[in-house]
Protein chains: 2
Amino acid sequence: MTLQDIKDGHSRIQPHIHRTPVLTSRLLNKISGATIFFKCENFQRMGAFKMRGATNAILQLTKEQRNKGVVTHSSGNFAQALSLAAHSLNVPAYIVMPSTAPQVKKDAVKGYGGHIIECPPTLQDREKTALSIQEEKGATFLHPSDDLDVIIGQGTAAIELLEDHPDLEYIFTPVGGGGLIAGTALAAHFFGNNCTVIGGEPFEVDDAYRSLKSGKIETNTSTNTIADGLKTQLGDINFPIIKEHVSEIIRVEEQEIIDAMKLIWERMKIIIEPSCAVPFASLLKDKHRFKNKKIGIILSGGNVDLGNLPF
Amino acid sequence: MTLQDIKDGHSRIQPHIHRTPVLTSRLLNKISGATIFFKCENFQRMGAFKMRGATNAILQLTKEQRNKGVVTHSSGNFAQALSLAAHSLNVPAYIVMPSTAPQVKKDAVKGYGGHIIECPPTLQDREKTALSIQEEKGATFLHPSDDLDVIIGQGTAAIELLEDHPDLEYIFTPVGGGGLIAGTALAAHFFGNNCTVIGGEPFEVDDAYRSLKSGKIETNTSTNTIADGLKTQLGDINFPIIKEHVSEIIRVEEQEIIDAMKLIWERMKIIIEPSCAVPFASLLKDKHRFKNKKIGIILSGGNVDLGNLPF
């Protein structure tokens with residue numbers, strides 16, 4: 001993985017994604033004591049940074065591979081991102097979703113042009129179903145977070161943030177499957193000026209925190225968090241990158257996530273999803289340490305169910 | 001009222017306000033058939049365009065007047081705007097509010113540094129109380145919408161929008177007390193290139209629509225609308241400007257306001273208040289007429305009670 005690989009990834013996807021704005025808020029700076037630059041991936045196409053990784057991964061396929069399509073298993077933002085990215089590039093997308101997934105998620109995938117294949121709601125069935133699509137259609141499997149092209153794509157948000165603000169001392173991201181934080185860590189390593197990447201994670205699903213401590217990939221026995229994008233565990237490809245480049249993950253309580261989300265909604269007048277509030281909650285939790293620091297926060301996404309808000 | 005007066009107003013307030021961003025949305029363009037440029041005054045200081053007019057009006061006072069302070073009666077965004085603008089300029093602000101105003105509104109005014117004077121909830125009591133503050137403190141009364149300096153200040157949002165997009169064919173604004181639409185109409189007249197200003201108004205409080213028809217200021221007998229910023233009537237100073245420069249007001253139903261608000265929340269990931277959704281609802285209502293037109297919409301504000309949403 002070289003600086004050039006990452007630069008190439010950014011050039012590759014630029015025509016297909018938004019360069020999202022970076023917003024600031026006097027009031028949130030006052031509350032936190034830090035100077036915060038929010039990279040608004042909630043304004044990205046499809047409402048989340050996942051559009052970057054999905055686009056980069058598809059663009060790396062051969063013409064023949066593209067003709068046969070792509071397949072993933074996800075019921076979250078990556079399912080929608082792969083559907084839209086594939087549709088925009090004229091590639092078929094097969095999305096394996098548990099039969100229990102909410103109708104609103106299925107409708108979103110269909111709306112973006114993805115073909116849904118339902119399966120029983122177990123990891124084994126999910127993988128078996130995805131494998132059968134690979135065999136039947138010749139489609140290429142793309143993992144939502146444990147894929148180098150996906151990781152590079154996710155890191156481009158931090159590249160843009162560092163282009164706009166080269167002197168950031170920290171960048172905070174949420175930690176779910178590990179794609180965003182791994183990509184961000186690579187971007188900060190190659191393009192930052194001594195920029196430290198810190199992860200935010202709910203206590204309820206603190207597998208990444210425990211993985212960094214133990215040195216091996218840990219799992220969650222329960223996933224009782226409002227941050228539904230952060231329930232998954234790290235993977236074999238992104239974990240080594242995270243181990244090398246991320247020194248710290250700050251854990252937060254559920255109420256802290258909700259409070260941080262509400263603060264951003266009320267003060268910045270923008271909509272972010274619960275997972276997206278986690279890094280800001282982490283910063284607030286340890287705010288004495290970050291006083292007067294220049295901090296980037298990747299606002300990862302804005303896809304919420306307005307009929308089911310936590311406040 | 002000359003072009004220079006308006007330019008001067010803009011220069012005067014620029015150091016004290018945000019130049020808010022102009023956002024676009026492929027999806028909302030697709031849904032409407034028009035090309036829409038949203039001027040995001042929900043991102044303005046204090047969360048609404050009212051900051052512009054309040055600031056301009058205070059800056060027009062003499063030093064002696066400023067020392068004695070300003071007074072208004074409002075329980076809405078102007079109360080907060082005058083409090084913050086005055087506080088930023090070291091001027092005392094006295095806000096006459098009905099004793100029945102929600103605690104959250106009173107807290108917001110206090111938070112911005114305004115001094116609240118409560119009165120019984122009638123128009124007569126409100127005016128009597130404001131008058132007594134003028135006499136007692138020597139404070140200058142500033143009307144939320146029927147004041148030329150306030151009108152000029154509100155029009156600066158449209159000046160910026162036209163600077164960014166000089167070829168707009170229409171600008172839509174909500175119509176409440178008339179300050180925003182009058183200022184916008186002046187800005188479009190002096191700085192637009194054949195740019196037509198259209199007002200959006202709820203059927204439930206269509207006093208401005210009826211005023212334009214009858215040629216005199218009409219009132220509302222009931223104010224049963226979710227658009228709580230649009231319940232007030234036009235005034236002697238802004239009505240002549242509106243009569244001269246605004247040819248049309250489009251009325252919308254309550255459900256259309258809620259649907260438009262939800263569309264903007266879900267698709268643009270930004271928070272707007274119900275009153276702010278009215279012009280977009282008006283555009284959607286008559287969308288066949290505006291197909292392929294370049295349209296500016298002033299998103300007037302984003303101050304909502306998250307605990308009391310209509311969806």
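As a basis for the values below, the full set of heavy atoms in this structure was taken, side chains included, without hydrogen atoms, waters or symmetry mates. Chain A is the first sequence line, chain B the second, and so forth, proteins listed ahead of strands; every chain is numbered from 1.
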Chemist: Using a cut-off of 6.0 Å, state whether more than 12 heavy atoms not belonging to H87(A) lie near its atom NE2.
Modeler: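 Atom NE2 in H87(A) is not crowded, with 12 or fewer foreign heavy atoms closer than 6.0 Å.
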Chemist: For a quick test of reading the model, state the closest non-hydrogen atom pair linking I270(A) to I271(B) and the distance between them.
Modeler: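 In this case the closest contact between I270(A) and I271(B) is O-CD1, 3.8 Å.
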Chemist: Let's test your reading of the structure: which of E266(B), R26(B), K262(B) forms the most heavy-atom pairs below 4.5 Å with chain A?
Modeler: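 When all of E266(B), R26(B), K262(B) are compared, R26(B) has the most.
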Chemist: Quick check on I272(A) against chain B: is it the side chain, the backbone, both or neither that has a heavy atom closer than 4.5 Å?
Modeler: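 Contact with chain B is absent: no heavy atom of I272(A) under 4.5 Å.
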Chemist: Enter the distance from E273(A):CD to K269(B):NZ here, rounded to the nearest 0.5 Å.
Modeler: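 Output value for this atom pair is 8.0 Å.
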Chemist: Taking atom CZ of R12(A) as the centre, does the number of heavy atoms from other residues, nucleotides or ligands within less than 6.0 Å exceed 12?
Modeler: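 Buried by this count: over 12 neighbours within 6.0 Å.
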Chemist: Is K293(B) atom NZ crowded by more than 12 heavy atoms from other residues, nucleotides or ligands, each under 6.0 Å away?
Modeler: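 Atom NZ in K293(B) is not crowded, with 12 or fewer foreign heavy atoms closer than 6.0 Å.
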Chemist: Between atom CG of N42(A) and atom CE of M268(B), what is the distance when rounded to the nearest 0.5 Å?
Modeler: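 Here the interatomic distance stands at 11.5 Å.
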Chemist: When you look at CZ of R66(B), are more than 12 heavy atoms from neighbouring residues, nucleotides or ligands closer to it than 6.0 Å?
Modeler: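 Enclosed.
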Chemist: What option among L306(A), N303(A), L27(A), L23(A) has the most heavy-atom pairs under 4.5 Å with chain B?
Modeler: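 Most pairs with chain B among the choices: L306(A).
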